[in-house]
Participant: 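Take a look at the following structure, please.
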Amino acid sequence: RYTLFMSAFDKISKSIDSIYKKITQNNSSRAYLTLENLQEPYLEGIKFNAIPPSKRFRDMEQLSGGEKTVAALALLFAIHSFRPSPFFILDEVDAALDAGNVANVANYIQERSEDLQCIVISLKDTFYSKARALVGIYKDQKTASSSTLTLDLENYRD
Amino acid sequence: RYTLFMSAFDKISKSIDSIYKKITQNNSSRAYLTLENLQEPYLEGIKFNAIPPSKRFRDMEQLSGGEKTVAALALLFAIHSFRPSPFFILDEVDAALDAGNVANVANYIQERSEDLQCIVISLKDTFYSKARALVGIYKDQKTASSSTLTLDLENYRD
Amino acid sequence: GYIEQLEVENFKSYRDRQIIGPFKKFQSIIGPNGAGKSNLMDAISFVLGVKTSQLRGSTLADLIYRPDGQQLDPNASCSIKLIWFNEETREDTVFQRRIVQKQGKATSEYLIDAETVKKEEYVDALKNIGVLVKARNFLVFQGEVEAIASQTPKELTAMIETIA
Amino acid sequence: GYIEQLEVENFKSYRDRQIIGPFKKFQSIIGPNGAGKSNLMDAISFVLGVKTSQLRGSTLADLIYRPDGQQLDPNASCSIKLIWFNEETREDTVFQRRIVQKQGKATSEYLIDAETVKKEEYVDALKNIGVLVKARNFLVFQGEVEAIASQTPKELTAMIETIA
Ligand SMILES: Nc1ncnc2c1ncn2[C@@H]1O[C@H](COP(=O)(O)OP(=O)(O)OP(=O)(O)O)[C@@H](O)[C@H]1O
Ligand SMILES: Nc1ncnc2c1ncn2[C@@H]1O[C@H](COP(=O)(O)OP(=O)(O)OP(=O)(O)O)[C@@H](O)[C@H]1O
Ligand SMILES: [Mg+2]
Ligand SMILES: [Mg+2]
């Protein structure tokens with residue numbers, strides 16, 4: 001149990017800092033995991049800390065909405081590095097992000113989509129315009145049903 | 001107790017439908033409150049239902065994120081009609097709204113700000129550009145502090 | 001591999017049979033509020049075996065298409081097919097889950113390449129392609145992203161243990 | 001009347017004394033993630049007497065400015081002034097709340113036009129201008145708007161009773 005747990009924990013905590021730096025496009029940001037109980041870690045908790053660019057240590061609870069979103073995405077991709085799933089589905093994760101963070105997150109996902117499928121629901125054109133293809137959904141009044149249109153963006157790329 | 005409760009309930013439930021129609025800019029939308037217990041209403045619950053434009057009755061729980069946001073704002077302004085406060089403070093209430101709903105909500109707030117002060121935190125320029133004045137907040141790296149700039153938009157209106 | 005296409009039939013706001021796709025490696029889903037974007041994510045989550053309470057429904061029957069304001073037709077059923085493309089073998093696998101009603105009770109059926117299988121076999125087949133539904137660390141439902149960063153230390157340990 | 005101006009001193013991410021305003025009837029607060037927008041709403045809520053747990057703090061001392069990574073200075077204090085303009089009498093009223101630390105314990109002081117008053121008197125003066133802090137139906141904190149529409153019927157009754 002200890003070995004299993006630690007192999008997961010080690011891999012995730014080694015990768016979270018570089019992923020967070022990459023998403024925030026800033027080497028001054030830091031993210032790390034600390035074990036509350038070193039002997040039997042699975043009995044206690046794991047503290048997650050993320051320090052946004054050009055800030056210093058502060059309790060996770062005091063981060064702003066947008067800062068928490070970026071930290072959460074870094075954690076998710078770090079967990080993925082240990083237990084990779086073939087795809088991600090993200091539903092309006094950009095809701096609390098300012099324009100700068102939307103661009104950072106969209107760029108990161110575009111890069112990651114080389115090796116894993118990312119399906120992203122978004123209302124922001126600065127996000128979804130980076131995708132390779134779009135599914136547009138509308139409510140068809142006549143049939144009282146959702147209907148879809150598919151658009152391959154790769155035809156429009158310069 | 002009955003009279004006090006009912007005077008609040010009556011006023012709120014009379015105004016909620018017209019407010020919801022006004023925010024959604026659509027007369028086919030409907031919103032209403034129903035009492036679970038007619039004799040002693042304060043002992044039971046009040047059911048709130050909102051039916052988005054061109055849809056028919058559906059349980060509130062099945063509404064989408066954006067549809068719930070618009071319904072919530074209608075309820076807030078209906079409650080305000082009974083117990084008016086001199087100002088509202090709204091922190092990124094537009095996060096889940098599509099462009100159409102942002103425009104509707106921003107227009108409604110602009111109209112209401114004739115008789116009540118609305119202080120709105122938003123990341124969307126389609127929303128905050130309708131305000132009369134802006135406070136821009138930035139993090140000053142040198143002093144490690146939030147700093148502000150004030151901008152009177154009325155100088156720029158045509 | 002990756003999700004190549006979906007076939008949605010009478011699921012939530014999607015009436016009749018609709019084929020959605022092809023999906024690419026970076027795929028976006030867009031549309032106005034209330035159009036059915038989150039319902040499409042629910043459809044993918046449903047075919048992977050995610051439980052109904054996570055899909056904004058209280059019973060299986062809630063997931064079947066129902067015109068606004070009407071009761072559910074006791075004979076109605078719904079089905080989701082997920083076409084999975086394996087990049088190495090260049091072959092498709094069709095994962096399907098459907099809901100049928102019998103005497104007013106709704107139950108799920110699981111099929112792989114049109115053959116009915118037990119849920120355990122279905123879940124194993126998903127594991128083989130790298131999809132560990134129990135962990136769900138690859139699905140972020142609407143409004144839940146911030147909560148991932150605000151988990152208590154104990155919750156974080158539990159999350160790591162499920163995937164260890 | 002309406003909020004005309006704020007004076008923020010050593011509150012959360014706002015260091016030293018800053019005067020913010022004048023505010024208009026439709027006022028917007030903008031800026032990047034983490035700049036301090038929600039902290040400004042917390043400042044207004046604080047001066048109205050909203051309790052600390054609603055302001056993302058566990059103790060009063062959490063609300064005092066602290067440089068990142070450092071311990072709180074045991075002599076530090078903070079203060080918020082809200083300048084209220086009455087449109088009929090065309091007069092200003094200054095509502096002020098501050099936190100002072102004595103022997104490691106932080107306490108609140110309430111002042112109206114620079115005169116210290118008891119909390120009850122302060123709350124009454126706010127009621128006179130139409131601000132019923134207990135009901136809080138005019139403050140929507142970040143991330144809480146959808147929950148207003150998803151309240152249970154009992155919660156809705158409780159909400160109506162507070163304002164009745
Ligand atoms: N079983 C069902 N039958 C028919 N319609 C349904 C069913 N379940 C949910 N709906 C409808 O689906 C709509 C919600 O769709 P969904 O939550 O996918 O919207 P969305 O596109 O994600 O919107 P948003 O951008 O606001 O999040 C609701 O209007 C609801 O009435
Ligand atoms: N007592 C304090 N002293 C100094 N800084 C603080 C204090 N409390 C909170 N902060 C800082 O304030 C920042 C958060 O500010 P706030 O929540 O107002 O951001 P915001 O502008 O609302 O961002 P978003 O758009 O992401 O919601 C955090 O980075 C936090 O470290
Ligand atoms: Mg949605
Ligand atoms: Mg904020």
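Side chains are part of it too, since the values below use all heavy atoms of this structure and drop only hydrogens, waters and symmetry mates. Letters A, B, ... are given to chains in the order of the sequence lines, protein chains preceding strands, and every chain is numbered from 1.
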Participant: Could you name the residues of residues 120-141 of chain A that have a heavy atom within less than 4.5 Å of a heavy atom in chain C?
Facilitator: A:Val120, A:Ile121, A:Ser122, A:Leu123, A:Phe127, A:Tyr128, A:Lys130, A:Ala131, A:Arg132, A:Ala133, A:Leu134, A:Val135, A:Gly136, A:Ile137, A:Tyr138, A:Lys139
Participant: Quick one: are the ring centres of A:Phe87 and C:Phe138 less than 6.0 Å apart?
Facilitator: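 Close enough - the centres of the two rings lie under 6.0 Å apart.
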Participant: Which one of C:Gln18, C:Arg15, C:Lys37, C:Lys25 has the most heavy-atom pairs closer than 4.5 Å to chain A?
Facilitator: C:Lys25
Participant: Going by heavy atoms in the side chains, are C:Leu40 and A:Ile119 under 4.5 Å from each other?
Facilitator: no
Participant: Taking only residues two or more places apart in sequence, or in another chain, which ones meet A:Arg83 in a salt bridge (Lys or Arg N to Asp or Glu O under 4.0 Å)?
Facilitator: none
Participant: Checking C:Glu161 against A:Arg1 for the salt bridge (Lys or Arg N to Asp or Glu O under 4.0 Å) test, could you report, in this order, the C-alpha distance in whole Å, the side-chain angles of both residues, the deciding distance, and whether it holds?
Facilitator: CA-CA 9 Å; C:Glu161 275 236 274; A:Arg1 187 173 180 192; 3.0 Å; yes
Participant: How about A:Ser85 and C:Leu132: do any of their side-chain heavy atoms sit closer than 4.5 Å?
Facilitator: no
Participant: Does anything in residues 20-34 of chain A reach chain C? List residues with heavy atoms under 4.5 Å apart, or say none.
Facilitator: A:Leu33
Participant: Which atom pairs, one a donor and one an acceptor, fall under 3.5 Å between side chains of residues 70-80 of chain C and the rest of the protein, sequence neighbours left out?
Facilitator:
unit_1, atom_1, unit_2, atom_2, d
C:Asp73, OD1, C:Asn75, N, 2.8
C:Ser79, OG, C:Gln96, NE2, 3.1

Participant: Quick one, C:Lys24 and A:Gln117 - any side-chain contact, counting heavy atoms below 4.5 Å?
Facilitator: no
Participant: Looking at C:Gly31, C:Ser13, C:Gly36, which one has more heavy-atom pairs under 4.5 Å with chain A than the rest?
Facilitator: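 So the answer, after comparing C:Gly31, C:Ser13, C:Gly36, is C:Ser13.
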Participant: Pick from C:Gln151, C:Gln142, C:Glu155, C:Met159: which one has the most heavy-atom pairs with chain A under 4.5 Å?
Facilitator: C:Gln142
